[in-house]
Amino acid sequence: MAHPLSKPPEARADWTVPQDWASYSESEHRVWDRLYDRQIGMLKNRACGAFLKGLESLHLSRAGIPDFEELSDRLRRLTGWRVVAVPGLVPDEIFFEHLANRRFVAGRFIRKPEQLDYLQEPDVFHDVFGHVPLLADPVFADYMQAYGLGGLRAQGFHSLEKLARLYWYTVEFGLIREKGDLKLYGAGIVSSFGESVFALEDPSPNRIGFELERVMRTRYRIDDYQQSYFVIDSFDDLLRRTRDADFAPVYARLKDMSDIAPDTVLATDRVIHRGTQARAYAGVKG
Ligand code: PHE
Ligand code: FE
């Protein structure tokens, strides 16, 4: 991370803060409801089964911003995970430490009614609606914990930039094949009105079979929809290729290899859809 973050005085040593659920206003709860309603119809046939099942088993369809205590109780019974509130971005070390202990850190603020589509910082809707349903899936739950442990280990290899790309192209922007069809599982996609359709159906982006080293070499965009999405075959397969692999030789190999631009298609790629990149050429944003 380029800028060292400083801990706000109200935060605990592990950077957590009380969610203070009782302090949300009625209009803040209604923003959650509007976002929820807008996503849910669209995701019925687009999100992967485990995501939809998680929404259900965690009772996330209930009106209003979820209470982290109550959500954590349900989650703990299913997979041992908890959701804890943090004031904003936290240092890498703190983030990995929480994941390694099955704690998911979530923002507690919610976007303003006039910012339904565009946000600079992840809010409670992105963090909870986007990320938490999959933590109810036992295999994905194990992947997230393994990622936390992997993050702590990657620091010793000075390879965080590479590992962060794995998070980006799986946890945030991943696609999965389910009974032959492509489905969404990345939190950054499922919590976005526009990208939910774009990632799956638009001719612009590449859709490429997931390959670990390829993904770790690929830069990503933070200012627009992704130009490439990577498709996994199952969460079991993802877990095998990551938790069950030693990344030390991978990091060593990648040190001498060039990065790949976000829109590139390689001859070695398992291409599912070769993107037109029309959106990028047109310079569309937002
Ligand atoms: N197995 C990886 C390592 O050896 C750790 C890891 C697991 C990384 C899962 C990402 C996801 O470092
Ligand atoms: Fe996120």
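When a ligand or atom number is given, it counts from 1 through the structure's own listing order. For the single chain, residues carry numbers from 1 onward in sequence order.
In summary, no N, O or S atom of D127 is located under 2.8 Å from the Fe ion (ligand 2).
Looking at Q145 and R102, their side chains do bring a donor and an acceptor atom within 3.5 Å of each other. No side-chain N or O of D236 forms a donor-acceptor pair with one of S234 less than 3.5 Å apart. Counting only N and O atoms by type, the side chains of E178 and Y185 include no donor and acceptor under 3.5 Å apart.
Closest non-hydrogen pair, T242 versus L166, comes out as CG2-CD2, 4.0 Å.
Protein neighbours of ligand 1 below 4.0 Å, counting non-hydrogen atoms: Y143, A146, Y147, G150, R153, L163, L166, T242, R243, A245, D246, F247.
A tilted orientation is assigned to the rings of F157 and Y251, their planes being inclined by 30° to 60°.
Summary: OE2 is the N/O/S atom of E172 found nearest to the Fe ion (ligand 2).
If you look at F51 and F129, their ring centroids are closer than 6.0 Å.
A distance of 9.5 Å separates CG in D127 from CD in E121, rounded to the nearest 0.5 Å.
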